Amino acid sequence: MKLYEYLAKGIFRAEGIPLPKGGIAQTPEEALIIARDIGFPIAIKSQVLTGGRGKAGGIAFANNENEVTNESTRILGSMLKGFKVEKVLVEEKLTIDKEYYVSITADSFLKKPIILASSQGGVDIEDVSEEYIVKKVVDIDIGVYAYLGREIARKLGMQGDLMNEFSSLVIKMYNLFRKYDAELVEINPLVRSGDKLIALDARFNVDDDALYRHPNLPRLTEGEEWELKAKALGLSYVQLDGDIAVMANGAGITMATLDLLAIFGGRPANFLDAGGGAAVEPMAKALSLLNDTKPKVIFINIFGGITRCDDVARAILKVKKTTDFCAPLVIRLTGTREEEAITVLQENNLSAYKSMEEAARKAVALAKPASGLEGVGKCQY
Amino acid sequence: MKLYEYLAKGIFRAEGIPLPKGGIAQTPEEALIIARDIGFPIAIKSQVLTGGRGKAGGIAFANNENEVTNESTRILGSMLKGFKVEKVLVEEKLTIDKEYYVSITADSFLKKPIILASSQGGVDIEDVSEEYIVKKVVDIDIGVYAYLGREIARKLGMQGDLMNEFSSLVIKMYNLFRKYDAELVEINPLVRSGDKLIALDARFNVDDDALYRHPNLPRLTEGEEWELKAKALGLSYVQLDGDIAVMANGAGITMATLDLLAIFGGRPANFLDAGGGAAVEPMAKALSLLNDTKPKVIFINIFGGITRCDDVARAILKVKKTTDFCAPLVIRLTGTREEEAITVLQENNLSAYKSMEEAARKAVALAKPASGLEGVGKCQY
Amino acid sequence: MSILINKNTRVVVQGITGKQGSFHTKEMMNYGTNIVAGVTPGRGGMEVEGIPVFDTVAEAIEKQQADASVIFVPAPLAKEAAFEAIGAGIKVLVIVTEHIPFHDALQIVDYSVKKNVVQIGPNSFGICSAGQAKIGIPPNSIFTPGPVGVVSRSGTLTYEIVSNLSLRGVGQTTCLGLGGDSVVGLSFVDILRLFEKDNETRAVVLIGEIGGRQEEEASIYIKSMTKPVVGYIAGKSAPPGKRMGHAGAIIERGAGGFKSKVESLKQAGVKVAEIPSQVADYVADLLKR
Amino acid sequence: MSILINKNTRVVVQGITGKQGSFHTKEMMNYGTNIVAGVTPGRGGMEVEGIPVFDTVAEAIEKQQADASVIFVPAPLAKEAAFEAIGAGIKVLVIVTEHIPFHDALQIVDYSVKKNVVQIGPNSFGICSAGQAKIGIPPNSIFTPGPVGVVSRSGTLTYEIVSNLSLRGVGQTTCLGLGGDSVVGLSFVDILRLFEKDNETRAVVLIGEIGGRQEEEASIYIKSMTKPVVGYIAGKSAPPGKRMGHAGAIIERGAGGFKSKVESLKQAGVKVAEIPSQVADYVADLLKR
């Protein structure tokens with residue numbers, strides 16, 4: 001779960017990480033009150049869960065009250081990279097002498113927390129060349145002490161008080177990383193303004209699997225429509241930009257299914273993992289959701305292991321009874337209780353493929369405009 | 001530092017360890033008020049920092065108000081194994097169905113925390129045979145979880161709810177062990193009373209070297225007179241029952257000096273380690289303290305390494321100038337600046353041995369009543 | 001032959017009294033796995049499928065000489081269960097449980113390394129030494145004994161590919177799921193080393209996916225291997241920044257992409273299949289030589 | 001020959017700018033120790049006795065290839081200093097500092113074991129490979145190169161005995177102080193193993209004291225040694241329950257007594273001296289044979 005910048009900064013502030021003065025506004029009037037309190041110049045930053053806000057025009061500066069009103073009026077309520085801006089963070093605009101980058105995350109190969117830092121701050125870390133990136137692995141049963149921070153600071157070219165300030169900052173970031181089960185604690189840029197280090201931006205992502213341990217953290221309510229609906233159903237769903245809706249059982253095989261469709265020239269509409277061993281009810285819900293997204297084709301790819309193929313067949317029929325499928329179904333079933341499933345489907349004038357490839361080819365063909373099959377489904381586009 | 005039972009129990013209570021109802025009293029009147037509040041029968045336990053209180057008559061029971069007054073009057077102010085009883089702990093007297101032992105300490109060979117438990121509670125753990133003792137080593141970076149407590153409980157013959165209760169108790173004890181830098185957290189006996197486990201007694205020793213981290217813990221004010229005085233001077237001192245006062249530099253050589261005196265038939269009066277590399281001033285203070293204990297002989301054994309022999313000589317003279325030594329001095333000096341030291345001593349009509357053994361023999365001879373040398377010193381006994 | 005487990009491996013099931021635990025205990029026993037004990041705190045003395053249940057893993061080891069364990073306990077209790085198994089002296093630990101916070105996994109992995117425990121998962125289907133023993137949840141029917149080692153980050157995709165192998169008459173030594181989480185006990189390299197050393201294993205199938213860099217790290221090792229490796233990487237069409245079902249399957253901050261993995265493997269001499277069914281073709285070809 | 005350190009060992013002094021640190025840096029250099037760096041946070045760029053001072057141990061390793069470290073920093077900061085040295089890759093760590101809380105020592109030892117660091121102390125006089133290098137605080141004058149390994153729990157008593165050895169013409173390979181605290185990095189057994197393997201060491205002196213059970217554990221190992229061991233145990237006249245200066249020197253709860261140690265050693269074939277000066281006599285006798 002990603003937190004908005006202002007929420008991340010709230011958590012940073014509680015830990016004692018130095019931040020620009022600022023406040024959150026939902027209206028231009030509120031923005032003005034905060035700006036008056038801070039004094040000019042100020043920055044107005046749209047609060048959306050996406051990167052590259054600056055380039056997209058989501059960050060503005062103001063030198064006087066008129067500019068605050070104009071810019072906050074422009075930004076609030078506007079759409080930024082597909083997200084509506086509901087709030088802006090109004091902050092003092094600092095004099096920036098130097099920009100750094102620092103983050104803490106887990107390295108999945110080393111299986112340890114890792115601190116990344118760079119003296120090339122203010123740009124995405126993936127655009128910084130390796131030689132400018134300082135990496136320090138953390139022993140999780142030891143944690144982060146001042147020496148680790150000093151060592152990173154040294155490699156960033158810091159000395160004396162700045163070294164100590166950086167060191168204390170890293171300790172605080174690591175405390176937050178551990179305390180909140182964070183996936184990512186990032187400050188980019190971390191700026192030196194005079195003799196102070198200040199976190200100009202803040203990213204804070206929390207492990208979804210650990211949210212139950214953090215009842216006081218706010219819950220994400222922003223995202224793609226179908227992703228939020230799927231999430232509410234407890235499904236693992238990712239919106240894509242194609243027209244073939246996909247449901248499979250297992251993350252790997254679902255990805256492989258999307259890849260197969262793409263290789264055959266098709267355009268998958270989503271990733272939907274019905275999970276291993278899913279029962280009739282949840283599978284029926286997943287299918288209904290797919291149907292609601294109004295795709296051109298619905299492709300169901302099931303390798304029955306713990307999942308029983310006859311349960312899948314029953315889930316399909318359950319949905320069919322209550323809703324009309326708005327698009328042709330392509331079903332691939334193999335494995336546990338395959339024969340029972342085929343029988344059930346045939347009784348209801350449905351059929352299934354045994355081979356994943358054959359089925360995928362069929363789904364792609366059905367979705368092709370040139371196939372002469374468009375409009376086979378009953379949905380309106 | 002050892003804590004009184006009632007202080008240990010205060011810490012236990014804050015951690016949620018189940019205890020008998022009770023309160024602390026400094027007068028028979030207070031004891032009576034507490035007893036009335038609890039109801040009869042009650043136990044009256046003298047608060048002194050020594051074991052074996054029961055056998056020494058320091059624990060009494062009372063079935064009515066008269067008995068409370070009589071027993072608390074008898075105990076309060078009495079001497080118990082050399083300690084004056086200033087306070088009594090008045091507690092409900094529980095029905096005891098079974099007594100257990102459980103403690104947490106550090107194993108100096110394994111270099112890890114260790115939990116010891118036994119179903120033979122109520123006696124000193126050193127008197128319990130190995131087969132009845134359950135030992136569990138703790139990984140310090142993992143700590144204690146319920147399974148470790150369940151595993152000990154199982155070996156103690158506990159099941160079901162009792163197992164879980166024990167397990168939760170051990171977790172709490174370990175929390176205290178870590179939180180307070182404890183040397184020893186001990187419950188003996190831990191009693192089963194009906195279906196409850198209750199800590200009937202409590203021992204809690206804290207690492208002196210870590211006391212600076214625990215400003216809220218009370219400080220020990222009970223102990224042998226000279227030990228307290230030495231402690232105030234920052235000296236490592238142990239009172240013994242002989243007549244030859246000893247000062248050496250280093251714990252090992254001080255022990256070896258005591259042993260040597262004993263082997264030669266002498267009786268050391270104390271252990272006093274002046275430390276490696278001690279300067280004139282602290283050494284003079286140490287010597288004054290020894291002089292104040294009025295021994296028959298004062299034996300100074302210095303191997304000069306970082307400690308300079310001439311500093312030792314100067315410390316001796318410094319004391320000599322302000323106070324008369326009440327007993328003959330036997331001085332052994334060797335090592336760094338040995339010659340300078342001898343010169344300084346000779347100028348003041350003092351001499352020194354080079355050999356530790358020779359010097360020790362001399363000290364023993366001087367202390368022997370048969371030596372005809374008693375009364376050589378100027379002190380009154 | 002096989003790696004890590006065989007028919008003599010003595011397995012304890014942690015969480016045996018749960019729905020998943022009891023179902024898969026029966027399935028594992030059906031496969032021939034030597035399940036010797038179950039553990040559920042407070043249920044000591046019970047039996048599940050004829051298997052004695054104990055309150056602690058230590059008791060299961062003491063009374064039944066268990067040397068491997070599989071964890072089916074719910075995610076919030078999984079860390080403690082893993083610590084218990086590791087601390088008690090279990091040598092091979094399979095964690096099937098999904099949705100364990102990865103901060104817990106960081107600690108579990110750390111403790112496993114410290115205590116020299118082979119820790120598989122979390123979120124792993126487990127391990128099966130074909131014809132001998134299965135610890136975990138894959139369907140029994142798909143495996144056939146033979147000369148191919150399989151190691152993977154996903155479940156059903158692996159069943160699909162192993163099933164293809166078996167249908168073509170290409171049997172397996174051991175099939176192992178590393179787990180789909182971002183932090184798991186083993187990486188491809190660890191298992192490739194074991195297959196390289198295993199006398200019976202003649203070829204290896206590596207089933208990777210987007211996210212992380214363990215396929216890239218594996219490629220470095222593969223260059224020194226004497227045995228052929230066939231690979232498949234899922235996630236070619238996955239967009240960056242999105243978690244594809246598995247917590248570990250995400251392209252983020254410029255790393256974990258499909259292309260880098262496939263290219264590394266190819267450079268290391270791995271024959272990389274474009275679609276799942278090609279894997280069995282490639283392996284069958286290799287074994288014919 | 002020697003164990004653990006020699007004239008090529010590259011030593012960093014943590015806390016070099018303190019009174020103890022700078023004094024002993026000079027003394028170690030006088031002995032011939034290859035001191036290559038000092039570390040005091042915030043003092044990077046300084047020099048002490050001509051030795052460059054850095055802000056971190058990692059920098060000292062990077063710039064001066066230090067492989068051993070000695071800690072003189074005050075007790076409240078010693079844990080962090082030790083973690084720094086261990087984490088940075090130091091191979092031999094000597095902690096001279098006294099009065100470190102033993103809970104800190106438990107963590108330091110744990111981390112040292114995890115990272116394969118030879119950790120000596122806390123509260124140790126250090127280690128001296130006679131004629132080559134000294135890391136720690138014993139007086140330089142007492143050592144003579146020769147065939148005897150010395151290992152001890154105390155400082156001055158060891159100087160006394162080593163001095164006796166040298167005066168009798170019996171030189172030493174390496175003398176090492178385990179440290180007087182209740183929790184220290186190494187035990188007698190660890191060092192006895194090294195002396196047993198060291199070609200130049202022909203006999204070993206073990207100087208123990210009351211408290212703990214490491215002399216008893218050492219006795220078990222000594223039975224398998226080919227080299228003769230001479231022992232001395234301090235604390236014969238110490239009363240139970242009293243800490244004799246060293247935090248580790250206490251007879252408590254029925255354990256750590258003098259008699260058990262002496263008897264174990266004697267049973268293992270150790271010649272146990274009753275008074276310190278006998279040690280040199282016994283060793284000289286043994287070497288004559």
Side-chain angles (χ1 to χ4, degrees), chain B residues 51 103 105-109 111-113 124-127 139-141 177-178 181-184 207-210 212-213 236 238-242 248-256 258-263 268 271-273 275-277 302-307 334-336 355-357 360, chain D residues 20 23 75-76 98-107 109-111 113 125 137-139 141-142 152-160 163 180 182-185 187 207 209-214 217 232 234-239 242-249 253-255 274-277:
Chain B
S103 73
T105 180
D107 185 295
S108 65
F109 183 70
K111 302 158 201 319
K112 287 174 188 287
D124 288 348
I125 191 70
E126 56 256 46
D127 298 332
D139 263 293
I140 198 158
D141 54 346
F177 176 73
R178 292 288 293 151
D181 284 291
E183 278 175 0
L184 173 70
D207 182 4
D208 285 332
D209 288 335
Y212 73 92
R213 297 203 274 230
S236 187
V238 176
Q239 182 69 53
L240 302 172
D241 57 3
N249 62 330
I253 202 167
T254 310
M255 277 189 272
L258 306 183
D259 295 348
L260 202 55
L261 291 170
I263 287 164
F271 168 102
L272 174 59
D273 172 10
I302 301 295
F303 182 95
I306 307 310
T307 305
T334 189
T336 310
S355 150
M356 177 168 159
E357 281 82 4
Chain D
Q20 288 262 313
F23 174 77
E98 290 181 86
H99 296 302
I100 296 177
F102 79 90
H103 278 255
D104 290 359
L106 287 170
Q107 290 186 282
V109 172
D110 202 67
Y111 197 31
V113 169
F125 68 75
I137 59 169
S141 57
I142 59 174
S152 169
R153 286 171 66 186
S154 56
T156 313
L157 176 59
T158 308
Y159 312 160
E160 173 95 32
S163 182
S182 58
V183 176
V184 293
S187 299
I207 305 167
E209 61 191 36
I210 54 159
R213 64 172 199 278
Q214 59 160 311
E217 299 283 346
Y232 175 80
K236 185 178 184 176
S237 55
K242 294 289 187 180
R243 230 172 263 286
M244 304 305 274
H246 282 158
R253 310 158 105 221
E274 224 191 336
I275 64 176
S277 63

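Owing to the predicted nature of the structure, the values given are computational and were not obtained by experimental measurement. Residue numbering restarts at 1 for every chain, and letters A, B, ... go by the order of the sequence lines.
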Starting at CG of B/D207, measure out to NE2 of D/H103 and round the result to the nearest 0.5 Å.
7.0 Å
In terms of heavy-atom pairs under 4.5 Å with chain D, which of B/T254, B/I140, B/D181, B/D139 leads?
B/D181
Applying a strict 4.5 Å limit to non-hydrogen atoms, the region of D/R153 in contact with chain B is neither
Charged N to carboxylate O below 4.0 Å: is that the case for D/D110 and B/K111?
no
When heavy-atom pairs shorter than 4.5 Å are enumerated against chain B, which of D/A234, D/G245, D/P101, D/P76 gives the highest number?
D/P101
Bottom line for D/I100: the part with an atom under 4.5 Å from chain B's heavy atoms is backbone
Top contributor to chain B contacts, counting heavy-atom pairs under 4.5 Å, from D/A247, D/G248, D/A75, D/S277:
D/S277
Measuring heavy-atom distances to chain B, does D/Y232 have an atom under 4.5 Å in its side chain, in its backbone, in both, or in neither?
side chain
Quick one: of D/I142, D/V184, D/I137, D/V109, who has the most non-hydrogen atom pairs under 4.5 Å with chain B?
D/V184
Contact class of B/L258 relative to chain D, heavy atoms under 4.5 angstrom
both
Tell me, side chain or backbone of B/F271 under 4.5 Å from chain D's heavy atoms, or both, or neither?
side chain
Indicate yes or no: at least one non-hydrogen side-chain atom of B/E357 is less than 4.5 angstrom from one of D/P276.
yes
CG of B/L261 to OG of D/S237, rounded to nearest 0.5 Å, is 8.0 Å
Among D/S163, D/S141, D/G235, which residue forms the greatest number of heavy-atom pairs with chain B at distances under 4.5 Å?
D/G235
Chain D shares the most heavy-atom pairs under 4.5 Å, among B/A182, B/G305, B/G335, with B/A182
Residue pair D/M244, B/V238: steps toward the side chain to side chain contact (heavy atoms under 4.5 Å, CB included) verdict:
CA-CA 7 Å; D/M244 304 305 274; B/V238 176; 4.0 Å; yes
I'd like to know which of B/T334, B/D127, B/D107 tops the heavy-atom pair count under 4.5 Å against chain D.
B/D107
Which bit of B/L272 comes within less than 4.5 Å of chain D, counting heavy atoms only: side chain, backbone, both or neither?
neither
Got B/R213 and D/D104 here, is their nearest side-chain heavy-atom distance under 4.5 Å?
yes
Please walk me through it: do D/R253 and B/S103 pass side chain to side chain donor-acceptor pair (under 3.5 Å)?
CA-CA 12 Å; D/R253 310 158 105 221; B/S103 73; 3.2 Å; yes
Which atoms of D/V113 are under 4.5 Å from chain B, going by heavy atoms: the side chain, the backbone, both sets, or neither?
neither
For the atom pair CD (D/E160) and CG (B/N249), what is the distance rounded to the nearest 0.5 Å?
9.5 Å
Report which part of B/A256 has an atom under 4.5 Å of a heavy atom belonging to chain D: side chain, backbone, both, or neither.
both
Looking at chain B, which one of D/Q214, D/H246, D/R213 has the largest number of heavy-atom pairs inside 4.5 Å, strictly under?
D/R213
Heavy-atom cut-off 4.5 Å, strictly under: side chain, backbone, both or neither for B/L184 against chain D?
side chain
Would you name the heavy atoms of B/G250 and D/T156 that are closest together and state the gap between them?
CA-OG1, 3.9 Å
What's the shortest heavy-atom distance between B/S108 and D/S182, and which atoms?
CB-O, 2.8 Å
Nearest heavy-atom contact between D/L106 and B/P113 is CD1-CG, 4.1 Å
Quick one: what part of D/F125 sits under 4.5 Å from any heavy atom of chain B, side chain, backbone, both or neither?
neither
Taking every non-hydrogen atom, the tightest pair across B/I253 and D/L157:
N-CB, 3.6 Å
Heavy-atom contact with chain D under 4.5 Å, split by part of B/D124:
neither
Are side-chain heavy atoms of D/Y159 and B/T307 found at a separation under 4.5 Å?
no
Contacting region of B/S355 [heavy-atom separation from chain D under 4.5 Å]:
neither
Which region of B/S236, side chain (C-beta onward) or backbone (N, CA, C, O), has a non-hydrogen atom less than 4.5 Å from a non-hydrogen atom of chain D, or is it both or neither?
side chain
Segment of B/Y212 engaging chain D (4.5 angstrom heavy-atom cut-off):
side chain
With a 4.5 angstrom heavy-atom cut-off, could you sort out which part of D/Q20 is near chain B: side chain, backbone, both or neither?
neither
Considering only heavy atoms, which portion of D/S154 lies under 4.5 Å from any heavy atom of chain B: side chain, backbone, both, or neither?
side chain
